[in-house]
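Working notes, structure below.
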Amino acid sequence: MTNTALDKLVERTVASTPVRDIHTHLYDPAFGDMLLWGIDDLLVYHYAVAEAFRYFEMPYEKFWGLPKSQQAGLVWDALFIRHSPLSEACRGVLTSLHRLGLDVKKRDLPALRQWFARQNRDDHIDRCLELANVTALCTTNSPFDDRERAVWRRGFRRDSRFTAALRIDPLLLDWNRAGAQLRKDGYQVGAELTKKTVAEVRRFLADWTKRMDAQYVMVSLPPDFAYPARSVCAQLIERAVLPHCAQFNVPFAMMPGVKRAVNPLLRLAGDGVGLSNLDAYETMIAAHPGNKFLITALARENQHQLCVMARKFRNLHVFGCWWFTNIPSLIDEITRMRLELIGLSFTPQHSDARVLEQLIYKWDHSRVLITAVLREKYRALAATGWQIEPAEIQRDVRALFGGAFETFLEKSL
Ligand code: FIX
Ligand code: ZN
């Protein structure tokens, strides 16, 4: 095969391989309005709001006091009309609109709104998934969210494309409040982590894992997370979460490096990043060879150590370019590094989509970057005399787009 033919084959394979998106903030359609979609939600996405505040001069509270459509109008004006939309979050809005067949160059927000108002939601969901070529996605589900809890309790018919993950940040990071919630729900927990309390936390985790049919249990952690430690967080992980995950054979997903509310005035857009001490995670993983761990780190500077950790521990699966690392320059760098250090045994990307149409741009943009890295790697392979078969490329890309994750879920340790 010539290099050009190889390039084309890689491009075609990456474009046509369906993705299993392993972390999003979307909801099963049965959750109704909680599944966000449409132009206004795309514009008030917290990535865009953070960028718009770079230009706004109005008081923060004034913006938050406005109805969503007015907030969206202000973001549109600041990021698309008064400045060129060059950032990744802005380009993303345009990619999604363009792929949906909308004429972005008109810069006509009312026309965009009218188009979305004409869409039938369920058909639109199918269309977005098809355009993104996403066949399955994992949602982020919190038993601490009142609206969400009510839907789970009532029960609903699951859409087979949407799987769930049990998110437990409040349990591990805000024990006083979470404990009160558990007590209200009939779990006999006290303020101290006695044997009885830990057993009740495990009963809570078991109930929700079963109710959601959760694929994994997930938490995001601040840069100063320490383990082992006497903190409630470390103790709950050690005594409740890890035994629970081992019992149910579900991974514990950790997302190190987020500094919540560094600017609370920005609300959801106000979180920042810090460097984590990954030694804490390494110690935890080494001490629990029977547990499975998923990790995506927020700080660029943590990526290399995380990759080396994955070389050492088969019970660790590295995934995604999370949030501030989900930009072309870093996706390129991180994907390259991972391929070079751990071959095909990782999941290069997840979308983190909060708004349905974001699936389109997040995957379009990543597909292009992953294609470029793979082309280079297969070319380098060809230069050694190794001949690659189309079916082998297909197999490899499937692994990167959800297959390696599935294998990880299924493997016995
Ligand atoms: O904690 C998370 O799962 C983060 O992805 C979110 O908190 C964050 O707001 C986000 O949407 C990043 O992409
Ligand atoms: Zn997320």
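Owing to the predicted nature of the structure, the values given are computational and were not obtained by experimental measurement. Just follow the structure's listing: the first ligand is 1, and inside any ligand the first atom is 1.
Looking only at heavy atoms of the protein, atom 7 (O) of ligand 1 is closest to Arg260 NH1, 3.1 Å. The single protein non-hydrogen atom nearest to atom 10 (C) of ligand 1 is His46 NE2, 3.3 Å, given as residue, atom name and distance. Nearest protein neighbour of atom 1 (O) of ligand 1, counting heavy atoms only, is Arg167 NH2, 2.7 Å. If you check which protein heavy atom lies closest to atom 6 (C) of ligand 1, you get Arg354 NH2, 3.3 Å. Distance from atom 13 (O) of ligand 1 to its nearest protein heavy atom, with residue and atom name: Tyr47 OH, 2.5 Å. Nearest to atom 4 (C) of ligand 1 among the protein's heavy atoms is Trp322 NE1, 3.4 Å.
In terms of N/O distances under 3.5 Å, ligand 1 is approached by His25. Of the N or O atoms in Asp352, one or more lie within a sub-3.5 Å distance of an N or O in ligand 1. Between His23 and ligand 1, at least one N/O pair is under 3.5 Å apart.
With respect to the salt-bridge test (charged N to carboxylate O, under 4.0 angstrom), the residues Glu376 and Arg336 qualify. Residues Glu340 and Lys377 are paired through a salt bridge, judged by an N-O separation under 4.0 Å between the basic side chain and the carboxylate. Taking the charged nitrogens against the carboxylate oxygens, Lys8 and Glu11 have no contact shorter than 4.0 Å, which rules out a salt bridge.
Using a 3.5 Å distance cut-off with no hydrogens or angles, the side chains of Asp21 and Ser351 do pair a donor with an acceptor. Side-chain atoms of Arg127 and Gln119 form no donor-acceptor pair, as typed in the model, at a separation below 3.5 Å. If you check the side chains of Arg260 and Ser220, you find a donor sitting under 3.5 Å from an acceptor.
Neither the backbone nor the side chain of Lys362 has any atom closer than 4.0 Å to an atom of ligand 1 (non-hydrogen atoms only). Of all the heavy atoms of Met218, none lies under 4.0 Å from any atom of ligand 1, so neither backbone nor side chain is involved.
Note that Arg211 lies in the cation-pi zone of Trp208, set by a 6.0 Å cut-off to the ring centre and a 45° limit from the axis.
Checked against salt bridge (Lys or Arg N to Asp or Glu O under 4.0 Å), Asp174 has the following partners two or more places apart in sequence or in another chain: Arg177. Under the side-chain contact (heavy atoms from CB on, under 4.5 Å) criterion, Leu36 pairs with Asp41, Val355, sequence neighbours left out.
Aromatic pair Phe63/Phe56: centroids less than 6.0 angstrom apart.
The distance cut-off of 2.8 Å around the Zn ion (ligand 2) captures these protein N, O or S atoms, sorted by chain and number: His23 NE2, His25 NE2, Asp352 OD1.
For residues 403-413, every residue pair satisfying the side-chain hydrogen bond (donor to acceptor under 3.5 Å, both in side chains) rule, not counting sequence neighbours, is listed here: Arg20-Glu406.
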